[in-house]
Each structure stands twice: as structure tokens, then as C-alpha cells.
Amino acid sequence: SRILGSDLNGFIKNDDFVPFKDIKFTSLDKIILLANYQKPKLKNYNLHDKLEVSPLGVFPQNINFDKKTDLNEPIIFISCGNLIEIKNNLLMIDFLRKFSEQTNKKVKYIMIGNGALKKKIFKKIKFNNNIIFEYYEYVENFINFLNQNKTHFFLNFSSQEGMPFTVMESMSCGIPTIASNIPPNEYLVRNNGFLFDLNNFDDSISKTIDDIDETLNNKKYYYQKSQKSFEFINKNLVNSKCYQKMEIILKNL
């Protein structure tokens, strides 16, 4: 069985209860994890040789890094995902408001998704006049959407993830990510984007904003983040390599 995020983390914020976890996992012959950071969740089940690691992959993108991203304002941020508690969409609005105030830069926020918190999010962002806001319930092709909107940063503020697919897709386009420091985000973003501490949000996000502002004010730093994001995905997480790893695992069953 392929193990994703909710299989180990559950669906509820700050609650990782998953029913029948012991029966479900111990009855399998092989469990295919997204990355090594998932292994501690299964340490009590003595699975050992039943565990294999094969990450998800994304399609490779062709990027011309000689054609530089326009860093003029507004600075464009995009998020994409379910509008539910564990995704922390309301914190994104707090971040964007603080970013605009702290840097004195114009901000555009494009939110893609749907879910139980939609009305609450709309109500909160309505009182932030310094944020240009666009909303899409769904987009046909996320990669094309990112490129067409000349996105500067992707946002993932989740408190739980398996391996965030939209982060990988954004990075494959050379778009740096601003993310919470949960293990899946840390694995992807550590050297290519910006991480903040969810448990110390106010202080941590203020420092993160300073780092982002410094990067925007020195274009060379932004392009380095962009290129590192692209190279990390191209080296580790393109579909062909992930498929090859999965084929080897299945042949050895």
C-alpha cells in the first residue's frame, strides 16, 4: 500500500488519531512511504523490512533562467488546497497583512480551493484593503496557472501533510515556497525557500518576512532560491525517477 499524509496524520488539526492503524499496517506485505520522515509514525509496529521509501513525483518543467522573473510590485503569492483547519488559510491572511505592513510592498494573493472555512476566510480578508485578492475554486492546469500569473511565492502553512504535491509543482516551476516547518515541508523547502515555526508564529513569521524582503531587494538572492527550488525537484522528484524506484520495489515483492 502507498501511504499518504492522512493515512498517518489523520484529518484533524493537532490530532493524529487514525482508527485501526495497528490492524491496517501490520496486515500488509509492503508499505511504500513518501519519505523517511514518515517512519517514526510507524516505529511501534516492528515493520522493518516491510517499509520502503518511494516519493511522489511531478512532471519536469523547462525553465529558461536567463529570462528573469519580474520582481516589481505587487508581489504575487498563491496558495492551493482544501480550505480546512489543518491548512491554516487564516494564518496566511495574517502573514500577508504583516508582510505588506512590514515591507511596505503591495501584495496580491491568489487563493485556489474550497472547503468549510471559505466564508470565514472571505470575511477576514475583506478587512485587509492592502491585499489584492483573487479566488478560484478550481483551476484546470495548476502549472500553467502559476506561470500565467507570474507567481513570486507559493504558500503552504499546513500543520499536517504527507508530501505536498502543489509545493513540488511550484518548485518545479522555479517558484520559492514559504512554508510551515513540518517535516514534509522542511524536506522540500529547507534550502530553497523560507520556513517558519508554526508554534511560534508571530516572532518566527516576522523574521521570515525580513528574510523574504532581503531576498526581494537583492534580485540575485531571489534567483538563487528559484534555481535551487527547480534543481531540487529535477534532481530528486521528477516522475521518471520516482516510477523507476517504485518498479524496483514492486519487482522485489
Side-chain angles (χ1 to χ4, degrees), residues 5 34-38 53-71 75-81 87-88 91-92 95-96 99 103 105 109-110 112 142-143 145-147 149-198 201 204-242 245:
L34 296 168
N36 282 318
Y37 55 70
Q38 288 188 318
V53 173
S54 178
L56 293 176
V58 295
F59 291 109
Q61 303 299 315
N62 294 318
I63 297 178
N64 179 7
F65 281 101
D66 292 328
K67 185 180 178 182
K68 302 299 186 183
T69 303
D70 183 0
L71 295 181
I75 307 302
I76 300 172
F77 301 83
I78 286 185
S79 69
C80 180
K87 300 299 184 180
N88 290 315
L91 276 185
M92 292 181 190
F95 158 73
L96 293 166
F99 177 89
T103 65
K105 286 182 168 65
Y109 174 40
I110 303 173
I112 306 166
F142 183 59
I143 294 282
F145 188 88
L146 289 171
N147 291 325
N149 285 276
K150 300 179 180 178
T151 310
H152 297 110
F153 297 102
F154 183 75
L155 304 179
N156 183 298
F157 283 27
S158 295
S159 53
Q160 295 175 190
E161 286 280 4
M163 180 176 280
F165 202 74
T166 47
V167 170
M168 292 193 295
E169 287 187 307
S170 301
M171 290 173 62
S172 76
C173 296
I175 296 168
T177 299
I178 303 163
S180 54
N181 63 344
I182 58 173
N185 285 343
E186 203 165 326
Y187 168 69
L188 293 169
V189 177
R190 185 186 306 117
N191 298 314
N192 332 300
F194 305 88
L195 292 166
F196 64 88
D197 184 358
L198 266 179
F201 179 77
S204 181
I205 208 67
S206 184
K207 171 66 168 59
T208 303
I209 288 170
D210 285 341
D211 293 342
I212 297 167
D213 194 36
E214 182 181 359
T215 300
L216 288 169
N217 291 333
N218 188 327
K219 292 183 179 181
K220 180 180 75 173
Y221 293 162
Y222 179 88
Y223 301 135
Q224 285 174 348
K225 292 279 189 187
S226 177
Q227 191 151 7
K228 283 182 178 180
S229 296
F230 170 80
E231 288 172 353
F232 179 87
I233 297 298
N234 224 36
K235 182 179 178 182
N236 302 292
L237 296 170
V238 295
N239 265 333
S240 57
K241 295 174 185 176
C242 296
K245 180 72 183 289

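Only a predicted model underlies this, so the values are computations on that prediction, with no experimental measurement involved.
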Using the side-chain hydrogen bond (donor to acceptor under 3.5 Å, both in side chains) criterion, which residues pair with Glu231? Sequence neighbours excluded.
Gln227
Run Leu188 and Leu237 through side-chain contact (heavy atoms from CB on, under 4.5 Å) and show every step you take.
CA-CA 10 Å; Leu188 293 169; Leu237 296 170; 3.4 Å; yes
In Å, rounded to the nearest 0.5 Å, how long is the span from OG of Ser79 to CG of Asn88?
11.5 Å
Would you mind listing every salt bridge (charged side-chain N to carboxylate O under 4.0 Å, His left out) that reaches into residues 150-168, with sequence neighbours excluded?
Lys87-Glu161
Tell me whether Lys241 contacts the main-chain N or O of Asn236 through its side chain, where contact means a donor paired with an acceptor under 3.5 Å.
no
Heavy-atom closest pair, residues Met92 and Leu155
CE-O, 4.0 Å
Output all residues satisfying ring-ring contact (aromatic ring centres under 6.0 Å, His included) with Phe145, sequence neighbours left out; order by chain, then residue number.
Tyr136
So which pairs with a foot in residues 168-188 pass salt bridge (charged side-chain N to carboxylate O under 4.0 Å, His left out), sequence neighbours left out?
none
At their closest point, which heavy atom of Leu146 faces which heavy atom of Cys173, and how far apart are they?
CD1-SG, 4.3 Å
I need the Asn149 CG to Ile110 CD1 distance, nearest 0.5 Å.
4.0 Å
Taking the six-membered ring for Trp, are the ring centroids of Phe77 and Phe99 within less than 6.0 Å of each other?
yes
I need the minimum non-hydrogen distance between Phe232 and Tyr187, along with the two atoms involved.
CZ-O, 3.5 Å
Return yes if a side-chain donor-acceptor contact under 3.5 Å exists between Ser158 and Asn156, otherwise no.
yes
Distance (rounded to the nearest 0.5 Å) between Asp197 CG and Thr208 OG1
9.0 Å
Is it the case that the ring center of Phe95 lies less than 6.0 angstrom away from the ring center of Phe201?
no
Separation between CG of Asn181 and CZ of Phe157, rounded to the nearest 0.5 Å
11.5 Å
Smallest heavy-atom separation, Ser159 atom then Ile182 atom, equals O-CG2, 3.6 Å
CD1 of Ile75 to CD1 of Ile212, rounded to nearest 0.5 Å, is 10.5 Å
Pairs touching residues 205-224 that satisfy ring-ring contact (aromatic ring centres under 6.0 Å, His included), sequence neighbours left out
Phe153-Tyr222
Listing, residues 56-69 side-chain donor-acceptor contacts under 3.5 Å, not counting sequence neighbours, or none:
unit_1 : atom_1 : unit_2 : atom_2 : d
Gln61  : NE2    : Phe59  : O      : 3.2
Asn64  : OD1    : Asp66  : N      : 3.0
Lys68  : NZ     : Phe65  : O      : 3.2

Residues pairing under salt bridge (charged side-chain N to carboxylate O under 4.0 Å, His left out) where one sits in residues 208-226, two or more places apart or in two chains, turn out to be Lys105-Asp213, Lys207-Asp211
Which residues share a side chain to side chain contact (heavy atoms under 4.5 Å, CB included) with Ser229, sequence neighbours left out:
Met171, Pro176, Asn192
Heavy-atom closest pair, residues Gly162 and Tyr37:
O-OH, 2.7 Å
Check against side-chain contact (heavy atoms from CB on, under 4.5 Å), Leu216 and Thr103
CA-CA 10 Å; Leu216 288 169; Thr103 65; over 6 Å; no
Listed partners of Tyr109 passing ring-ring contact (aromatic ring centres under 6.0 Å, His included), at least two apart
Phe133
Check Pro164 against Asn185 and note the closest heavy-atom contact, atom names and distance.
CG-OD1, 3.3 Å
Please enumerate all residues that pass side-chain hydrogen bond (donor to acceptor under 3.5 Å, both in side chains) together with Asn36, with sequence neighbours excluded.
Lys39
State the OG1-CD1 distance between Thr166 and Ile175, to the nearest 0.5 angstrom.
11.0 Å
